[in-house]
There are 2 protein chains.
Amino acid sequence: MFSKACEYGIKAAIFIALKSYQGERVSLKDIAAKIDSPEAFTAKILQKLAKNDIVDSIKGAAGGFEIEKHKIASIQLAKIVDAIDGDSIYIGCGLGLNKCSEDHPCPVHHKFASVREELKKMLESTNLEELALGIKSGASYLKT
Amino acid sequence: MFSKACEYGIKAAIFIALKSYQGERVSLKDIAAKIDSPEAFTAKILQKLAKNDIVDSIKGAAGGFEIEKHKIASIQLAKIVDAIDGDSIYIGCGLGLNKCSEDHPCPVHHKFASVREELKKMLESTNLEELALGIKSGASYLKT
DNA sequence: CTTAAACAGGACAAAATTGTCCGAATTAAT
DNA sequence: ATTAATTCGGACAATTTTGTCCTGTTTAAG
Ligand code: FES
Ligand code: FES
């Protein structure tokens, strides 16, 4: 469904949000350990998140990643997915036609488009804050 | 969402169903041309569909692929997807945890699982016959 | 100022997916 | 029987995705 990069990106963002909520800045090493992801690969993904203004990266000793507290609740899952995987999941044809359209639909268009719309709505209506709270409360987990 | 292999597989199955409905057997070359897919790669996928008893393959001159008419309406999209991509799309965790479960859910589990369930229902409730009829009636297209 | 901790980013490597080629086997038609 | 049309399947190649490594830069602390 999502690429590995996107999975790591989502988990990393959640973890950073959680820590930022508690006023802590986290290092790459910490992130990778907590979400169980390859460190160097995760670094690339964090660069993308930083370039897309989803997380802030601070260089130098005592540096790391953080998200401004007031932004946490306003970052939707959709924004992260879009930053990493692009928008093909929202607008691409399920059977790989050049372009998904009502005028020239593939055989599964109508059925597929509604599921895709569900997914889109879900991603747009879910924000980092609620996801981070789930981790904090022990209701959900980032690994294993 | 689906792999390329799966996309080709679905389109191929629809085309074969359409022709079988009209009592015609189709060759690999024909299929690849009509669904706009690489021929040799499509051959591999058809072998998988044949091994999974979704299509029948007939060797030799005047050979090709077909689906028994009476089976067309009973072949669900889910069966094709499962044959080619496996069941990870149904049972895998959206964030890549080893195992999706209620007991140890990832942060998006509840939201994701319901979309996934929608997808599953869609795939299970859609059969080759209706898809083929869409093509036959000109309501949908297999390429461009 | 020096050092150590951290991110940035380019080059590289491994693995998975997608795609190609070709010889072998099968079958219908001549 | 021979030939031509066709699928089968193994080996290979290209591309994309995933993952690693190393050097450079930034910055806090001593
Ligand atoms: S045209 Fe295929 S999903 Fe819309
Ligand atoms: S645990 Fe992640 S989707 Fe169920």
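So you know, we letter chains A, B, ... as the sequences are listed, proteins then strands, and number each from 1.
As rounded to whole Å, 16 Å separates atom C1' of D/dA14 from atom NZ of B/Lys4. Atom CG in A/Leu28 sits roughly 12 Å away from atom C1' in C/dA5 (whole-Å rounding). Remark: P of C/dG9 and CD of A/Glu39 are 17 Å apart, rounded to the nearest angstrom. Spacing between atom NZ of A/Lys44 and atom C1' of C/dC12 amounts to 10 Å, rounded to whole angstrom units. Between the C1' atom of D/dG9 and the CG atom of B/Leu46 lies a distance of 14 Å, rounded to the nearest Å. Here the C1' atom of nucleotide C/dG9 and the CZ atom of A/Phe41 are 15 Å apart, to the nearest Å. Atom-to-atom, CZ of B/Arg25 to P of D/dT7 comes out at 10 Å; the value is rounded to the nearest Å.
For A/Asp85 (side chain) and A/Ser3 (main-chain N/O), a donor-acceptor pair under 3.5 Å exists by modelled atom type. A distance-only check finds no donor-acceptor pair linking the side chain of A/Asp30 to the backbone of A/Val26 [under 3.5 Å].
Dashed line: the shortest gap from a side-chain N or O of A/Ser27 to OP1 or OP2 of C/dA5 is not under 4.0 Å. In this model, the phosphate group of C/dG9 is approached by a side-chain N or O of A/Gln47 to a distance below 4.0 Å at OP1 or OP2. Applying the 4.0 Å criterion to OP1 and OP2 of C/dT18, one finds that B/Tyr8 has every side-chain N and O outside that range.
Residue contacts shown for B/Ile58 are limited to sugar-phosphate atoms, with no base heavy atom under 4.0 Å away. Contact annotation for B/Lys51: backbone-only contact, meaning every heavy-atom pair under 4.0 Å involves sugar-phosphate atoms and none involves a base. Nucleic acid contact class of B/Lys29 (heavy atoms, under 4.0 Å, all strands): none.
With DNA chain D read from its 5' end, the first of the two nearest nucleotides for A/Pro38 and B/Gly64 is the one closest to B/Gly64.
Between A/His109 and B/Ser140, every side-chain heavy-atom pair lies at or beyond the 4.5 Å cut-off. The closest side-chain heavy-atom distance from A/Leu142 to A/Phe15 is below 4.5 Å.
Applying the 6.0 Å contact sphere to OH of B/Tyr21 captures no more than 12 heavy atoms from other residues, nucleotides or ligands.
Donor-acceptor pairing under 3.5 Å, judged by distance alone, is absent between the side chain of A/Lys59 and the base of D/dG24.
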